Participant: 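This is the structure I have questions about; it appears just below.
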Amino acid sequence: MFILTKIADLVQIPPSQFEQHSRVAIENNINAKFSNRVIQKIGLCICMYDLLWASEGLIGHGNGMVNVNVEFRMIVFRPFKGEVLFGKISDASQEGLKIRTEFFEEITVSYKELPENTEYDHNAQAWTWIVDEDRMHYDKNEMVRFQVLDETWNDQLPESGEQEAVERAKAISPYSIKGTMMKEGLGVCLWWD
């Protein structure tokens, strides 16, 4: 679910942070720049793990910022295909279920990936699995177990510089996960306890 990724970058430390120890200032700037951001084909950055190397700082002309080349490792959320994860149901529609974890919300389970004999109840806005005439519900905020099927990467570069194209690019999630609940033991956790 979590991996370590080595990254090299340029960190700029503003004069207001000069009173901090240089290692602390570098770490704070790396976390501010990368945490809670998606790097294409790598994953969702959580936080810096460790600093591997930092150059001597060079003061830039005009702004007084110190430029430091750094190499560090980052903790990244990127579950592998086939991995089983836990999450909570955030929404249900005719297309399937939307699931969220404590820090990631772009997880979907298509209706095709729900067990056989699963029906959508339009009145309750929820899915129901019918097993031997028992009705088991996929309720909102219920803890579920699902398996990762696939991941989708979307480049958020707008097609043009127009404001409408920029807004459309921001509306698309840069990273999303598709899951399944078709195997035994997957689905609402209470069913299997």
Side-chain angles (χ1 to χ4, degrees), residues 1-7 9 30-49 72-116 118-122 124-129 137-192:
M1 176 164 35
F2 295 101
I3 60 172
L4 282 179
T5 300
K6 188 194 276 188
I7 300 173
D9 196 24
I30 289 170
N31 279 326
K33 185 174 183 178
F34 287 95
S35 293
N36 204 24
R37 301 262 194 301
V38 172
I39 299 176
Q40 287 291 311
K41 307 294 183 188
I42 294 177
L44 174 68
C45 295
I46 304 298
C47 66
M48 187 181 102
Y49 180 72
F72 58 94
R73 290 189 295 178
M74 196 83 185
I75 298 173
V76 176
F77 172 71
R78 185 176 182 185
F80 58 87
K81 292 178 185 172
E83 185 172 0
V84 175
L85 301 175
F86 290 93
K88 289 187 177 183
I89 297 172
S90 60
D91 192 32
S93 67
Q94 288 179 307
E95 287 81 41
L97 299 171
K98 283 193 76 84
I99 299 170
R100 62 179 162 74
T101 65
E102 295 293 323
F103 55 88
F104 190 73
E105 297 182 359
E106 297 298 325
I107 305 168
T108 56
V109 175
S110 168
Y111 70 93
K112 295 174 185 172
E113 295 300 330
L114 294 173
E116 281 185 45
T118 303
E119 299 174 347
Y120 184 69
D121 184 351
H122 293 278
Q125 299 273 314
W127 285 89
T128 304
W129 184 29
H137 302 279
Y138 291 89
D139 294 324
K140 193 171 182 178
N141 295 320
E142 195 75 57
M143 183 66 81
V144 293
R145 193 178 294 120
F146 64 96
Q147 185 176 30
V148 176
L149 265 187
D150 198 13
E151 56 189 6
T152 305
W153 300 94
N154 295 307
D155 192 0
Q156 289 189 302
L157 288 175
E159 297 113 29
S160 67
E162 296 174 14
Q163 187 62 29
E164 184 180 316
V166 172
E167 292 301 320
R168 196 173 28 230
K170 285 182 182 177
I172 299 170
S173 174
Y175 177 52
S176 60
I177 296 171
K178 294 177 184 162
T180 184
M181 292 184 186
M182 288 191 82
K183 295 184 178 174
E184 224 175 273
L186 303 178
V188 178
C189 295
L190 289 173
W191 301 345
W192 305 104

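Below, each value reflects all heavy atoms present in this structure, side chains not excepted, and no hydrogens, waters or symmetry copies. What you are looking at is a predicted structure, and each value in this text was computed from that prediction instead of being measured. We number each residue from 1, following the sequence as shown.
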Participant: How long is the span from the CG atom in Leu149 to the CD1 atom in Ile107, to the nearest 0.5 Å?
Facilitator: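 One finds 12.5 Å between CG of Leu149 and CD1 of Ile107.
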Participant: Looking at OG1 of Thr5 and CD1 of Ile3, how far apart are the two atoms once the value is rounded to the nearest 0.5 Å?
Facilitator: 4.0 Å
Participant: Can you confirm whether Lys183 is buried at NZ, in the sense that more than 12 heavy atoms of other residues, nucleotides or ligands lie under 6.0 Å from that atom?
Facilitator: no
Participant: Let me confirm one number: the NZ-SG distance from Lys33 to Cys45, rounded to the nearest 0.5 Å.
Facilitator: 11.5 Å
Participant: Show your working on side chain to side chain contact (heavy atoms under 4.5 Å, CB included) between Val144 and Ile99 and close with a plain yes or no.
Facilitator: CA-CA 8 Å; Val144 293; Ile99 299 170; 3.9 Å; yes
Participant: Over 60° means perpendicular and under 30° means parallel, so tell me whether Phe103 and Phe77 are parallel, tilted or perpendicular.
Facilitator: perpendicular
Participant: So, taking the atom named CE in Met143 and the one named CZ in Phe86, what distance separates them when rounded to the nearest 0.5 Å?
Facilitator: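 Going from the CE atom of Met143 to the CZ atom of Phe86 covers 7.5 Å.
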Participant: Could you measure the distance from the OG atom of Ser90 to the CD atom of Glu142? Nearest 0.5 Å is fine.
Facilitator: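 Going from the OG atom of Ser90 to the CD atom of Glu142 covers 13.5 Å.
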Participant: Taking the six-membered ring for Trp and the single ring otherwise, decide whether the centroids of Tyr49 and Phe2 are under 6.0 Å apart.
Facilitator: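 No.
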Participant: Picking from Trp129, Trp127, Tyr138, Tyr111, what satisfies ring-ring contact (aromatic ring centres under 6.0 Å, His included) with Tyr120?
Facilitator: Trp127
Participant: How about Thr180 and Glu113: does a side-chain donor come under 3.5 Å of a side-chain acceptor?
Facilitator: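 Per modelled atom types, Thr180 and Glu113 side chains form a pair under 3.5 Å.
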Participant: Can you name the nearest heavy-atom pair linking Met74 to Phe72, along with the distance?
Facilitator: SD-CE1, 3.8 Å
Participant: If we count only N and O atoms by modelled type, under 3.5 Å, do the side chains of Tyr175 and Glu151 hold a donor and an acceptor together?
Facilitator: yes
Participant: Calculate, to the nearest 0.5 Å, the distance between atoms CE and CH2 belonging to Met181 and Trp191 respectively.
Facilitator: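 Result: 8.0 Å between the selected atoms.
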